[in-house]
Amino acid sequence: MFILFKFKSKQKIFEIGNVKIGGQLGELPTVLIGNIFYGGMPEVTNHKKGEFDRKSVLRWVKTAEELSGKTGTPHFIDIMAMYPEAMKQYIMFISEHSDSVFLVDGANSETRIAALKTVRELGLQEKVIFNAISPQSSENEVEAIRESKVNAAILLAFNEMDFSPEGRVSILRGFGKDVGLLKTAKEAHIKKILVDTVVFDVPSIAYAAKAIKIVKNELGYPAGCSPANATYDWKRSQDKLLKRGFAAYNASAHAITQFNGADFLIYGPIKQAKNLIPACAMNDAIIAYYAVRRLEIEPRVSNHPLYKIF
């Protein structure tokens, strides 16, 4: 049976760059986010200095942007860096060659703080999302976010004491003497909050999907996750026969979260855009078709995949 639903809480819709994110199922297409400059990316030749094959990287970026335009699926770039100097180089490159919203996602606090300083120096605050505020975020990092004037951030709903969907939501509100991530975000002057419900392994995608529904149903914030965190790890453990099916089961994992209300999905290496953008665009069109006819929910944008690909 095909079952879709309306969330009980009023849904918060944020505009970042020129992209709206959030809402009821069918209102806005799922934002896809591709990782770039990650550890192990073949095009990166020096992770410390931020040296890479610019022509090849730009080709992946433009492919994703072209597919985004053709399908109506919004696309962001998640800039990953291991060192401060590299992060600066990456931000300068992406901001020069792309108008896309991008996330700054450093491997350590020092690198993330360097990203925030670079963003402020270049005046890019309105097209940047900080990735991420977590229970481990230091006061120095929170202060750096505040000073940078970046007003959008992902909250990483990771509760090491309770891995259940409800536990992931409790880390947002806080419990006992522990300060919740929503309060931390407020202290950092974050106005546009996105919640990552955290995927650990393939089976945990079920819990992440359920947590998305709880976040949106109870709090109304845009929510999503990264199924690729699990599917890539599973791929590395499989034999050659199963590895050949990666594109199929990776798309399937993302579809599960879309049909549970995901507003954004971090889909892993940007080179997977060629598979994930068309797959997720089709899912969004199916969801919107049902939402219009059965839930009385209309798409909020004229370039929704429902109109672009059918």
Side-chain angles (χ1 to χ4, degrees), residues 16-17 19 21-22 28-44 57 59-81 90 94 98 100-105 129 131-132 154 156-157 194-202 204-209 211-212 222-236 238 243 245-287 305 309:
I16 305 173
V19 175
I21 184 169
L28 294 168
T30 312
V31 175
L32 294 189
I33 305 171
N35 299 136
I36 199 165
F37 305 122
Y38 52 89
M41 185 176 186
E43 291 82 2
V44 179
V57 168
R59 184 170 65 249
W60 290 119
V61 171
K62 294 304 178 184
T63 296
E65 292 178 346
E66 183 179 355
L67 285 167
S68 173
K70 286 183 176 180
T71 62
T73 300
H75 187 269
F76 295 170
I77 297 169
D78 184 30
I79 298 178
M80 307 179 76
Y90 299 154
I94 292 299
S98 173
S100 296
V101 171
F102 63 89
L103 287 65
V104 288
D105 183 4
I129 302 171
N131 188 17
I154 288 178
L156 196 64
L194 313 179
V195 179
D196 183 339
T197 58
V198 189
V199 169
F200 301 103
D201 53 23
V202 170
S204 75
I205 292 172
Y207 269 18
I212 287 170
C225 61
S226 180
N229 284 347
T231 56
Y232 271 87
D233 281 342
W234 195 60
K235 177 185 179 183
R236 283 189 283 269
Q238 302 308 303
K243 283 183 179 178
F246 175 73
Y249 64 71
N250 191 39
S252 175
H254 287 74
I256 288 169
T257 57
Q258 277 187 285
F259 281 88
N260 279 277
D263 297 298
F264 68 90
L265 293 170
I266 304 175
Y267 65 84
I270 196 169
K271 60 187 66 179
Q272 281 297 320
K274 65 183 185 296
N275 296 318
L276 268 300
I277 290 179
C280 291
M282 178 176 285
N283 295 338
D284 274 325
I286 293 168
I287 290 168
I309 64 176

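Computed from a predicted structure; not experimentally measured.
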**Prompt:** Considering only heavy atoms from C-beta outward, does the side chain of Tyr267 approach that of Cys280 to under 4.5 Å?
**Reply:** no
**Prompt:** Are any of the side-chain heavy atoms of Phe259 and Ile286 separated by less than 4.5 Å?
**Reply:** yes
**Item:** Spacing of Tyr232 atom OH and Asn35 atom CG [to the nearest 0.5 Å]
**Value:** 9.0 Å
**Asked** side chain to side chain contact (heavy atoms under 4.5 Å, CB included) with Ile36: which of Val44, Val57, Asp78?
**Response** Val57
**Asked** According to the interplanar angle, ranging from 0 to 90°, do the rings of Trp234 and Tyr249 count as parallel (below 30°), tilted (30 to 60°) or perpendicular (above 60°)?
**Response** perpendicular
**Item:** For Ala211, side-chain contact (heavy atoms from CB on, under 4.5 Å) partners two or more places apart
**Value:** Pro165, Arg168, Thr197
**Message:** Any heavy-atom pair between the side chains of Asp233 and Asp201 that's under 4.5 Å?
**Reply:** no
**Prompt:** Which distance, rounded to the nearest 0.5 Å, do you find between the CH2 of Trp60 and the CD1 of Ile270?
**Reply:** 9.0 Å
**Asked** Roughly how far apart are Met282 CE and Asp284 CG, rounded to 0.5 Å?
**Response** 11.5 Å
**Message:** Donor-acceptor check, side chain of Asp263 to backbone of Ala223, threshold 3.5 angstrom: yes or no?
**Reply:** yes
**Complete:** Looking only at heavy atoms, the pair that brings Phe264 and Pro222 closest together is CE2-O, 4.4 Å
**Item:** Contact check, side chains of Glu43 and Lys271, non-hydrogen atoms, under 4.5 Å
**Value:** yes
**Asked** Are the charged groups of Lys62 and Glu66 less than 4.0 angstrom apart, N to O?
**Response** no
**Prompt:** What pair of heavy atoms forms the shortest contact from Lys274 to Leu67, and how long is it?
**Reply:** CA-CD1, 3.5 Å
**Fill in**
For Ala279 and Ala251 the tightest heavy-atom approach is CB-CB, 4.1 Å
**Item:** Those residues that, when tested against Ala262, pass side-chain contact (heavy atoms from CB on, under 4.5 Å) (two or more places apart)
**Value:** Ile212, Thr257, Leu265
**Message:** My understanding is that only residues two or more places apart in sequence, or in another chain, count here; which of them pass side-chain contact (heavy atoms from CB on, under 4.5 Å) with Ala253?
**Reply:** Ile205, Pro227, Thr231
**Fill in**
To the nearest 0.5 Å, atom CG of Leu194 lies from atom CZ of Phe76 at 8.0 Å
**Fill in**
Closest heavy-atom pair, Cys225 versus Asp196, reported as atoms and distance to 0.1 Å, is CA-OD1, 3.5 Å
**Asked** Is the shortest heavy-atom distance from the side chain of Ile21 to the side chain of Leu28 under 4.5 Å?
**Response** no
**Request:** Please confirm whether the backbone N or O of Ile94 pairs with a side-chain atom of Ser98, one donor and one acceptor, at under 3.5 Å?
**Result:** no
**Request:** For the pair Thr63 (side chain) and Arg59 (backbone), establish whether a donor and an acceptor sit closer than 3.5 Å, ignoring hydrogens and angles.
**Result:** yes
**Prompt:** Between Thr73 and Pro305, which heavy-atom pair has the shortest distance, and what is it?
**Reply:** OG1-CG, 4.0 Å
